[in-house]
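All values derive from a computational prediction rather than experimental measurement. For ligands, and for the atoms within them, numbers begin at 1 and follow the listed sequence.
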Amino acid sequence: MLEPIVWEEDRLSLIDQRKLPNKLEYFICKDYRDVAYAIKEMVVRGAPAIGIAAAYGMALAEINNENIEEAYKTLKNTRPTAVNLFWALNRCLKAYKEGKSIVEEAKRIQREEEEVCKRIGEIGEKIVDDGDTILTHCNAGALATSKYGTALSVIRFAHYSGKRIRVIADETRPRLQGAKLTAFELNYEGIPVKVIVDSSAGFLMQRGEINKVIVGADRILRDGTTYNKIGTYSLAILAKYHNIPFYVAAPLSTFDLESSEEDVKIEERDEREVAYIENIRIVPEGVSCINYAFDKTPAELITGIITEKGIIKPKEEEIIKLFKGIKWKSQ
Ligand SMILES: CSC[C@H]1O[C@H](OP(=O)(O)O)[C@H](O)[C@@H]1O
């Protein structure tokens, strides 16, 4: 399986996801600034993955004897929507303030998230039926989490269990995580996958060619409102209209029990991501673009949330129960 995040004691090596699928190369981070750059420029992306990378950014600040508070602030300001980033940074800052090793805390976070993603797959594969065609959006795979993935972990474990599934990955404009990353990951492991343009999803649903939709998440509020890659909300509406089950797969580190919708900043990225494809301008000069990187899906459009502690309905009382007996701070 791919290893997108590799800690090598004095450096952090990240698969440069901007270069996939044509080149499999590592981007080397020697200090926390390199990690901040890698997160902001999407060398590494995906909610759990950016949390783990940021944790190692703090670890690099520790071994380089740099200002930990400065490193924390720089890394915290890279991307605003995925709550895993803040959850991981706060765990590292707490370890530092308690006189513990940040390096060891970062390693612990990576190990835990990998284990959690495995559990999500083992639990979630039960909602997949033999013969299903599953639509997924963006990339919620090993490349987004360090190992297994979330939505792709469910898909992987269904495949491993012998279920004959087919995956439809929509390309996910503008950064094309579906076409470039999900298709790469699944093809790399021999899991049948086809790529479609984003606007085909509704037509395939109308033709009865999609049995389930499974996506990842970047932040889930206590009322089940789910923030994920732009286009997720549209898919949820389409799935509802066509009575197709719509699942979100996410670890507890993606839940944010403290924030309300007003608190959540939806990242707006450089409009050149929309205006250019592979350095060729496709939008007339002088015409500007809108480039929200995420949208929000209300709980009533979600069939279930697959977590490492089980599959729940997106209801506040079920979400709160996930955290029963756990001391947990999202922010
Ligand atoms: C398993 S979380 C993956 C999540 O993150 C992606 O966003 P980005 O590629 O911009 O980091 C997308 O929302 C995925 O669902």
Exercise. Decide whether T133 and E209 meet the rule of one side-chain donor and one side-chain acceptor closer than 3.5 Å.
Key: no
Quiz item: Among side-chain atoms of T172 and Q177, is any donor-acceptor pair under 3.5 angstrom?
Solution: no
Give yes if a backbone or side-chain nitrogen or oxygen of [X] is under 3.5 Å from a nitrogen or oxygen of ligand 1, and no if not.
| X | answer |
| --- | --- |
| H137 | no |
| T145 | no |
| M42 | no |
| T150 | no |

Identify, by atom number and element, the atoms of ligand 1 in contact range of [X], meaning under 4.0 Å from any of its heavy atoms.
| X | value |
| --- | --- |
| A47 | 2 (S), 3 (C), 5 (O) |
| A144 | 1 (C), 3 (C) |
| R79 | 8 (P), 10 (O), 11 (O) |
| Q177 | 8 (P), 9 (O), 10 (O) |

Quiz item: Hey, are the side chains of R219 and S259 touching, using non-hydrogen atoms and a 4.5 Å cut-off?
Solution: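 Contact flag for R219/S259 side chains = yes.
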Practice problem: Using a 4.5 Å cut-off on heavy atoms from C-beta on, say whether the side chain of I127 contacts that of Y247. | Solution: yes
Students should be able to answer this: which protein heavy-atom is nearest to [atom], and at what distance?
| atom | answer |
| --- | --- |
| atom 11 (O) of ligand 1 | G46 N, 2.8 Å |
| atom 3 (C) of ligand 1 | N139 O, 3.4 Å |
| atom 12 (C) of ligand 1 | C138 SG, 3.4 Å |
| atom 5 (O) of ligand 1 | D218 OD2, 3.1 Å |
| atom 15 (O) of ligand 1 | N228 OD1, 2.5 Å |

In terms of side-chain geometry, is the basic nitrogen of [X] or [Y] positioned less than 4.0 Å from the acidic oxygen of its partner?
| X | Y | result |
| --- | --- | --- |
| E115 | R111 | no |
| K107 | E9 | yes |
| E105 | R108 | yes |
| R119 | E122 | yes |

Does [X] have a non-hydrogen atom less than 4.0 Å from ligand 1?
| X | value |
| --- | --- |
| F294 | yes |
| P48 | yes |
| A217 | yes |

Quiz item: Can you say whether the rings of Y148 and F157 are parallel (under 30°), tilted (30 to 60°) or perpendicular (over 60°)?
Solution: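 Tilted.
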Quiz item: Of I210, T303, N211, L238, which meets side-chain contact (heavy atoms from CB on, under 4.5 Å) against I244?
Solution: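 Considering I210, T303, N211, L238, a side-chain contact (heavy atoms from CB on, under 4.5 Å) with I244 is found only for I210.
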